[in-house]
Every structure is written in C-alpha cells, then in structure tokens.
Amino acid sequence: MATVFEETNISKAIMRVGLPAMLGQLTTLIYNIADTYFVSLTKEPAMIAAVTLCTPILIIIMSIACIFGMGGSSVIARLLGEEKKKEAGSTMNFCVYAMVFVGILTLVLGLLFLNPLAKLVGADESNIGYTCDYLKYIFIGAPFIMLANGFVHLFRSAGLIKESTIGLILGNAINIVLDYVFIVAIQWGTAGAALATSLGFVCATVYYVICMFREEMKGNILIQLAPSHFKPNVEMVKNVVSIGIPGALITVLMSVANIVLNNYIGIYGSDAVASYGIAYKIDMIPIMLSVGLAQGITPLIGYYYGAGKKKRMQDTVKYSIGYGVALGAIFTVGFLMFSRALASIFLSDENLIEQAGTFLQILCLSAPLLGIINTVINYFQALGKAFPSLIITLMRNAILFIPAVILLNSVWKLNGVISAQPVVETILAIVCMVMYLKDVKNIRKTNEEE
C-alpha cells in the first residue's frame, strides 16, 4: 500500500491523515468531558469551577510541547518532501530531548509558584484549595504531558499515523478509567482528576518510546532516539522554533484569553463559571474535530510544498476547508436544537442548565468558521511561514478577543462576554481567507517568474 504522501486521490489522502487525527482529538475531548462529568457527580460547583479554571494551565503545558512537536513536524515533513531523510531524523532526535528538558523545567517552576498561579487563573476563596490540588498533579506530570503531545505531531510527520493515533487514544482511555477510580471510587475530587490526567500521559509516553525503539531497531533513519544522535545546529533549532513558537502561541494565547474570560465570568459568581465550563466543554467537540483535521493535513501540505507539488497542496487546503465548514454547520444545528438536553447531562440545577444551554447556543454559532481558521493557520505552519500564522493567532486571542470581551461585557453583561468568541471568529474567518488567497497568488506569481 502506498504511503499517504504518495496517495493520488486528494480526498483519500485527507481522510487517511485527517480521520486518525480527528479520532485522537475526539478521545482527548472525551477525557476532558469525563473529567468534568465525574467531578460534576460531587454536586459541588466550586470543584467544577476549579477544573474549568485550571484548563488554561493544562493547555499551556500542552502548547509548550507544540514548539517542538508542531515545529519539528513542519520541518520534518518539508525535509522528507526534499528527500533529506538524514536531516529529518536529526530534527526528530533534537525535538524529543528538547521536550524532556523543558518538561522538567516546567515541573520545577510550576510547583514553586503553585499558589500565585492558582490566583492568576481566577481562583477565589471558595475554590482555591481545589484549584491547587489539581495544578499540583498536573505539574508533576508535565514532562510526560509534553512528550506525549509532542510525539503525536512528530509521529505523523514521519508517516507513523497509526502509532500516533493509538498512543493518543491509549492515554485518553487510561485517563477516563482512572477518573472513575480516583474521583468516584476513592473520592479524591479535583486532585484525582489531575492525577488521572497525568498518569494517562505517562502511559502514552511509554507507548511512544517503545514504538521509537522498535522503529530504530528496524533501521528507520527517521527515528533516532539514542543520545549519540543529539547533534542540533543553529539552523535546525531556528527552523523548528520559528514555526513551533507561533504554533504554541495559538494555544498559549487561547489559554490567556480564557483566563481573561474566566475572570470576567467570575464577576457573576462560581455558578456562572461552572455553567460556562460545561457549555465550553460541549462546544469543544466541533473545535477539537476541526483542530484534528487541520493538524492531520499539516504534514501532507508540508510534504507537497517541499516536493514542489503546489497544485496538490492547494487542493488539499480547499477540500479540507470544505469538510471543516460542513462539519461545523452540522454541530451548530445540533447544539441549537439540543443545548438544554446536553447541559442536563452534567448539571441538575434547573437554573444552571438553562444558563449553560444559553451559553452553548451562543458559542456554537462560530463552529462552521473553524474549518477556515484552523486550516489556514496550519497551512502557514506547514509552509514554514511563521509570521502570518502568528498574526492570525494574535488577532484571535489578543488583538480582537480581549477588547471584545471588555466591550461586550459593558453592553450585554454576561451573555455579551460569552458572545465574544463567535463575534471574533466571524471577523477572523474573513481575514484568514484574504490572507490565504493572497499567499496563493504570490506563490503562483513566483512560479511564473521562475
């Protein structure tokens, strides 16, 4: 069977890389929802609020891995398109050891500044104890959280799509099982939720390392795990980091935006934070599926670009945007119709169910636009064009979002704060299409001049 990079049918190629990535993201979402669901069984809004408040910190830790995971993936895919396998293997080795070092550093700093970080994310007297309990075990597992998330991207770029997906599903499945054990059976609350998350990533990391040893034993030149192969150079580090940082900033700034959002929602009390947390977790279904599709096609776009197959690259983007928009539209219709029923799965109080249902109806309005935004962001990352990707990220989570939260809060109060997301993403989708079409035009112009 031909490798995915050699697949002649664009739709089939997208499905081969996109579906496993979407499945992996879906299992990640399921474990996130499981965390919230099992914690919600405690009937304690402060615990639900604590999990919601800690989510941005967990996302930031994952995003740091993207510096070397997504950055390395982009570089490796383009090197493979240029048939430079030895350089691709050296890049893989550098990214792995870089994640180990940064993960240990995050563990140390996180535990040292635990209480200030809890207050920074918006914890108050009612939930700061639960928040600190959660953060402690997340920071202890930080090295494994980073490695597991980084391996997902690196494996995809090396063509190990099946292994990438299996590791992701394995870690998430173990996390869900441990959620039940630690939260329901042993009743460790938010500490149990965080411990389950960290142990899930430990298991995923072990699986990925075993896969790397196996591939190295088979003579796969792309997989070089031994420390003797750690030979980074200035150009390699620059190429990885220049793409990885904008990729990481996407989730870092998203978390910063969420911290700002949580603080504004917190003005209206812990119940409001809990309601938003439930609505946001449900709305994460189309978000994560869109992210999975966009991340899945990134190595494909990078490979076609490195190999000079510009037409196939553009067709891949076009089809992916179409699939993403259609998928988002389906979820928007479903959430508008069944918002209260979905909220009632996690909440028993009628007022909270009504509030969470309203929040979900607002948030889901931008789901179709995610297919445009996420595909275009990953397109620029795949091509090694860090600046456009960074501009979109800054607009999404800082330049547009934070002022929108402040302005809409003053106009429509709590519902206005929640409305910031769909308003900003509507504007951003238009900006993304303009930037993408302009870049395609520049590529065509360059090809004609050559």
Side-chain angles (χ1 to χ4, degrees), residues 24-62 65 103-104 106-108 110-111 114-115 117-118 121-123 126-149 152 166-208 255 262 270 273-274 277-278 280-282 284-285 288 345-348 352:
Q25 291 293 337
L26 187 59
T27 60
T28 299
L29 175 64
I30 290 171
Y31 102 70
N32 270 298
I33 291 177
D35 267 3
T36 304
Y37 174 72
F38 288 124
V39 170
S40 71
L41 294 179
T42 65
K43 309 296 183 182
E44 177 55 68
M47 280 195 184
I48 301 173
V51 173
T52 301
L53 293 172
C54 292
T55 297
I57 298 294
L58 176 59
I59 293 175
I60 287 174
I61 293 173
M62 291 179 177
I104 294 172
T106 301
L107 184 159
V108 174
L111 293 180
L114 194 63
N115 283 338
L117 284 170
V121 299
S126 69
N127 56 46
I128 191 167
Y130 297 132
T131 303
C132 288
D133 286 344
Y134 192 95
L135 288 178
K136 180 173 67 174
Y137 287 105
I138 287 299
F139 281 122
I140 289 173
F144 300 100
I145 293 173
M146 288 189 186
L147 281 168
N149 282 276
V152 170
I166 290 174
L168 192 55
I169 294 174
L170 174 68
N172 291 331
I174 290 172
N175 184 2
I176 293 170
V177 172
L178 293 179
D179 267 339
Y180 175 80
V181 173
F182 294 152
I183 301 172
V184 179
I186 306 180
Q187 298 185 348
W188 283 353
T190 53
L195 182 58
T197 296
S198 291
L199 289 176
F201 283 119
V202 169
C203 294
T205 300
V206 170
Y207 169 79
Y208 286 129
S255 296
N262 286 335
S270 280
V273 175
I278 296 300
Y280 183 68
K281 285 291 174 72
I282 298 171
M284 285 293 288
I285 298 173
M288 297 296 273
I345 297 173
F346 304 91
L347 298 166
S348 56
L352 292 182

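Scanning for ring pair (Phe, Tyr, Trp, His ring centres under 6.0 Å) contacts around Y207 gives an empty result, with sequence neighbours left out. Remark: Y208 pairs with F151, F155 by the ring pair (Phe, Tyr, Trp, His ring centres under 6.0 Å) rule, at least two apart or across chains. Checked against side-chain contact (heavy atoms from CB on, under 4.5 Å), V177 has no partners two or more places apart in sequence or in another chain. For the side-chain hydrogen bond (donor to acceptor under 3.5 Å, both in side chains) test, residues two or more places apart in sequence or in another chain that qualify with N172 are T27, T28. Residues meeting the side-chain contact (heavy atoms from CB on, under 4.5 Å) test with I174, sequence neighbours left out: L170, L178, C203.
I138 contributes atom CD1, which lies 11.5 Å from atom CG of L114 (distance to the nearest 0.5 angstrom). Rounding to the nearest 0.5 Å places CG of L111 at 9.0 Å from NZ of K136. With rounding to the nearest 0.5 angstrom, the CD1 atom of I128 is 11.0 Å from the CG atom of D133. Taking CG of L107 as the start and CD1 of I145 as the end, the distance is 9.5 Å to the nearest 0.5 Å. Residue F346 holds its CZ atom at 5.0 Å from CD1 of I282, rounded to the nearest 0.5 Å.
Taking both residues in full, the closest heavy atoms of L168 and V152 are given as CD1-CG2, 4.0 Å, listed atom of the first, atom of the second, then distance. In terms of heavy atoms, L117 sits closest to G110 at CD1-O, 4.2 Å. Here the shortest heavy-atom pairing between I104 and P143 reads N-CG, 3.9 Å. Of all non-hydrogen atoms in F38 and I176, the two that sit nearest each other are CE1-O, 3.9 Å. G171 and A204 get closest at one heavy-atom pair: CA-CB, 4.0 Å.
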Under 3.5 Å, side-chain donor or acceptor atoms of residues 189-202 against the rest of the protein: list the pairs with distances, not counting sequence neighbours.
from, atom 1, to, atom 2, distance (Å)
T190, OG1, Y130, O, 2.9
T197, OG1, D35, OD2, 3.3
T197, OG1, A193, O, 3.0
S198, OG, Y137, O, 2.7
S198, OG, A194, O, 3.4

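Aromatic ring orientation, W188 versus F182: parallel (interplanar angle below 30°, classes split at 30° and 60°).
Residue F144 places its CZ atom among 12 or fewer non-hydrogen atoms of other residues, nucleotides or ligands, all under 6.0 Å distant.
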